[in-house]
Amino acid sequence: MKRILINPNRQHFRPRLMSQAIRSDIPYQVDFSLSASDRSTTVSTITAESKGPRTLTLTTPTVSSSVATFYATSDWAGQGEVQVKATYADGKTENAFIRIEVYNPTIR
């Protein structure tokens, strides 16, 4: 499982870089609990969408205690990006981006 903690006090944001093998279902958790606590609210809904040059297959994310959980997979090597959007109970939104390098371990 790959877990990403969102820092509400960050000044500059870059996508988190992760890697995985082709045809592997890897669980990702994006933790918005610090941001939610900083806003004195909770995360009500989460969406995850594949972006970038390589399309990734994503499961519908679930949210529990302001932590989003979803699985990502790809049948092809390359670089994809996931946009995770949290909507808080007060109606505000926050985005997190994950860049995923998908490798074929049989090719050297």
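Note that the numbering runs from 1 along the sequence shown for the chain. Both backbone and side-chain heavy atoms feed into the values below; hydrogens, waters and symmetry mates do not.
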Going by atom type alone, with no hydrogens or angles, which donor-acceptor pairs under 3.5 Å involve a side-chain atom of residues 59-67 and a protein atom two or more places apart or on another chain?
residue, atom, partner, partner atom, Å
Thr59, OG1, Tyr71, N, 2.9
Ser66, OG, Val43, N, 3.3

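Hydrophobic cluster membership of Leu34, counting Ile, Leu, Val, Met, Phe, Trp and Tyr whose side-chain heavy atoms lie under 4.5 Å apart directly or via other members: Leu5.
Distance check, rounded to the nearest 0.5 Å: OG1 of Thr55 to CD of Glu49 gives 10.5 Å. Atoms CD1 and CE, from Ile98 and Met18 in turn, are 6.5 Å apart once rounded to the nearest 0.5 Å.
A salt bridge (charged side-chain N to carboxylate O under 4.0 Å, His left out) check over residues 76-87, counting only residues at least two apart or in different chains, returns the pairs Glu81-Arg99. Residues in residues 33-42 take part in these side-chain hydrogen bond (donor to acceptor under 3.5 Å, both in side chains) pairs, two or more places apart or across chains: Asp31-Ser33, Ser35-Glu94. Annotation: salt bridge (charged side-chain N to carboxylate O under 4.0 Å, His left out) contacts involving residues 62-71, sequence neighbours excluded, are absent.
Applying the ring-ring contact (aromatic ring centres under 6.0 Å, His included) criterion to Phe70, with sequence neighbours excluded, gives Tyr28. Legend: residues meeting side-chain hydrogen bond (donor to acceptor under 3.5 Å, both in side chains) with Gln79, ordered by chain and number and at least two apart, are Glu101. Looking at residues two or more places apart in sequence or on another chain, you find a side-chain contact (heavy atoms from CB on, under 4.5 Å) between Thr87 and Ser44, Thr45, Thr93. The side-chain hydrogen bond (donor to acceptor under 3.5 Å, both in side chains) test applied to Thr69 returns Gln29, not counting sequence neighbours. Applying the salt bridge (charged side-chain N to carboxylate O under 4.0 Å, His left out) criterion to Lys2, with sequence neighbours excluded, gives no partner residue. In this structure, Phe32 has no ring-ring contact (aromatic ring centres under 6.0 Å, His included) partners at least two apart in sequence or on a different chain. With sequence neighbours excluded, the residues forming a side-chain contact (heavy atoms from CB on, under 4.5 Å) with Ser24 are Gln20, Ala21, Ile26, listed by chain and number.
Between Val102 and Leu56 the shortest side-chain heavy-atom distance falls below 4.5 Å.
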